[in-house]
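Structure first, commentary second.
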Amino acid sequence: MQKFISPQIIPLVAMSLLAHVTLSGGRVASSLLVLEYGYSEAIAGLTYGLYGLMPAVLSLHLGRVVDRVGPKHVMRLCLASMVLGLMLPALHLSLVSVLACATLGGLGFGGYILAAQVSVSLMPVDNASDRTGMFAWLQMGTSVSAVAGPVLVGVLIDSKGFSVAYTCLALIVGAGLLWSFRAKLPEAAEPTDAKSRDGILREVMRDGALFRIYLLSMAVYLAWDCFAFLIPVLGTERGYSAAEVGAVLSFFAVGTFVVRALQPWLSRRATEWRTLCVSYLVAAVVFGMLPFAQNTLLLCAISLAFGMSAGVGHPNIMNLILKRVGAEKSGEASGLRLMTGNMAGMMGTAGCGAIAAFVGVIPVFVGIAAIMGLSGWQANREDRGGVDT
């Protein structure tokens with residue numbers, strides 16, 4: 001372990017691993033259940049997108065709360081919300097319980113990850129660029145659960161059914177809740193100057209570079225969520241089993257884990273903008289290839305490549321934002337990023353489902369590829385322009 005990785009990050013990595021099954025497993029289970037019950041791809045997209053609804057609406061306020069009271073209590077309440085949401089379909093399978101699970105699970109994980117990111121922003125590092133590695137290590141826990149979650153859910157659904165799958169997910173998140181009572185977390189930061197009293201929205205609107213960072217953050221969320229939604233759609237169309245769909249998504253998670261493990265090394269050899277430029281361009285190629293991948297082996301390879309591309313997006317963007325706003329507003333800034341990102345993901349998946357239902361999936365893939373290519377071009381402009389972030 002490199003010396004700039006604080007030991008305080010280890011409990012957060014473990015808690016993130018246990019908490020993230022709400023999204024990694026719950027989203028796959030919800031999408032497959034809705035499709036199995038005979039609902040359209042549009043309804044499946046809406047169900048998937050509901051995991052981002054409450055964060056899109058409330059994350060800015062949640063971020064302010066985390067800045068004010070500190071991360072510990074917010075984490076525990078949010079983990080409890082995830083457990084409650086997962087227990088609803090575990091006890092009674094229906095469209096309503098699945099929608100409620102998505103809403104509570106999305107709110108819970110959104111609040112949890114906000115509090116975890118604030119904790120990382122308050123941890124000591126030797127160099128400012130090293131914090132990118134800290135954010136990446138935080139998300140390694142989610143990468144592990146993103147591998148295990150879909151595979152576990154797929155196997156449990158095929159062998160035991162949806163109720164058992166949701167029950168196991170609830171128990172896993174409950175273990176994370178118990179762990180949170182042992183984790184030592186930083187206290188809330190104190191405001192340092194008058195600028196810190198300005199709202200983050202006002203700061204974004206007057207800072208062009210910060211505004212562009214948030215737009216590029218939305219592109220990462222859009223590509224990430226649409227990829228995870230469209231793989232089950234493709235799998236259903238082609239007759240893949242739940243385990244095969246889970247395996248493809250797990251290769252994506254393997255890619256994110258590998259690149260995040262290397263991020264502390266990468267952050268000392270390339271700027272955030274250069275890393276993002278390469279990431280977006282690879283994502284554009286991936287979405288251009290997806291509709292032509294006709295077997296699970298090729299899909300797994302493409303998924304791995306996209307995972308390595310997408311895995312560097314969030315930590316680099318978080319560090320760019322933190323450099324501009326400061327640690328005392330990290331919760332509010334992270335909340336705005338989560339709000340706008342989940343809004344982009346929610347609208348994107350719902351839109352993808354609707355378009356796919358009417359004209360097929362190829363226009364969807366082409367459109368996302370174009371967005372990611374444009375984002376890569378913008379990141380390259382920022383890198384060449386030498387923007388001080």
Side-chain angles (χ1 to χ4, degrees), residues 16-17 20-32 44-45 48-49 51-52 109 113 136 138-155 219-236 238 240-263 275-276 278-317 341 344-345 348-349 352 361 364-365 368-369 371-372:
S16 298
L17 188 159
H20 189 251
V21 296
T22 300
L23 268 68
S24 65
R27 278 177 158 173
V28 174
S30 297
S31 298
L32 292 174
Y48 189 97
Y51 279 92
F109 188 77
I113 203 64
L138 171 67
Q139 294 175 330
M140 282 202 304
T142 65
S143 297
V144 173
S145 64
V147 174
V151 171
L152 175 64
V153 164
V155 171
V220 175
Y221 274 94
L222 175 68
W224 191 300
D225 286 354
C226 288
F227 179 87
F229 165 65
L230 288 168
I231 292 302
V233 172
L234 281 178
T236 300
R238 297 172 182 177
Y240 299 155
S241 69
E244 288 176 310
V245 171
V248 172
L249 293 175
S250 294
F251 270 85
F252 165 79
V254 169
T256 65
F257 179 85
V258 170
V259 78
R260 285 168 176 173
L262 295 174
Q263 185 60 64
T275 303
L276 289 173
V278 174
S279 168
Y280 289 127
L281 293 179
V282 171
V285 174
V286 164
F287 277 96
M289 294 177 61
L290 273 173
F292 306 105
Q294 296 298 320
N295 61 73
T296 55
L297 183 60
L298 182 56
L299 279 174
C300 286
I302 293 174
S303 184
L304 178 68
F306 182 60
M308 297 189 70
S309 166
V312 299
H314 292 306
N316 281 277
I317 285 172
T349 52
C352 286
V361 296
V364 174
F365 288 120
I368 298 173
I371 292 172
M372 300 312 290

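Excluded from the calculations below are hydrogen atoms, water molecules and symmetry mates; all remaining heavy atoms, backbone and side chain alike, are included. For this chain, numbers begin at 1 and follow the sequence in order.
Residues forming a side-chain hydrogen bond (donor to acceptor under 3.5 Å, both in side chains) with Ser16 (at least two apart in sequence, or on another chain): Tyr112.
Rounded to the nearest 0.5 angstrom, Cys300 SG and Ile231 CD1 are separated by 9.0 Å. Leu222 contributes atom CG, which lies 5.0 Å from atom CD1 of Ile371 (distance to the nearest 0.5 angstrom). Remark: Leu299 CG to Glu244 CD distance equals 10.0 Å, nearest 0.5 Å. A distance of 8.5 Å separates CG of Leu138 from CZ of Arg260, quoted to the nearest 0.5 Å. Put simply, CG on Asn316 and OG on Ser279 are 8.5 Å apart, with the number rounded to the nearest 0.5 Å. Rounding to the nearest 0.5 Å gives a distance of 10.0 Å between OG1 of Thr296 and CZ of Arg238.
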Considering only distance and modelled atom types, tabulate donor-acceptor pairs under 3.5 Å from the side chains of residues 251-259, sequence neighbours left out.
{"unit_1": "Thr256", "atom_1": "OG1", "unit_2": "Ser143", "atom_2": "OG", "d": "2.8"}
{"unit_1": "Thr256", "atom_1": "OG1", "unit_2": "Ala253", "atom_2": "O", "d": "2.7"}

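A 4.5 Å side-chain heavy-atom check between Phe365 and Leu234 finds at least one atom pair inside the cut-off. Annotation: side chain of Phe229 is not in contact with side chain of Asp225 (no heavy-atom distance under 4.5 Å).
In plain terms, the two heavy atoms of Ser24 and Gly149 that are nearest each other are OG-CA, 3.7 Å. Across all non-hydrogen atoms, the minimal contact from Pro315 to Ala136 is CB-N, 3.6 Å. Across all their heavy atoms, Cys352 and Val364 have their closest contact at SG-CG1, 3.3 Å. The minimum heavy-atom distance linking Ala283 with Ser309 is given by the pair N-OG, 3.6 Å. For the pair Gln294 and Tyr240, the tightest heavy-atom approach, listed with the atom from each and the gap, is O-OH, 3.6 Å. In terms of heavy-atom proximity, Tyr280 sits nearest to Ala219 at CE2-CB, 4.3 Å.
The aromatic rings of Phe287 and Phe227 stand perpendicular to each other, their planes meeting at an angle above 60°, with 30° marking the opposite boundary.
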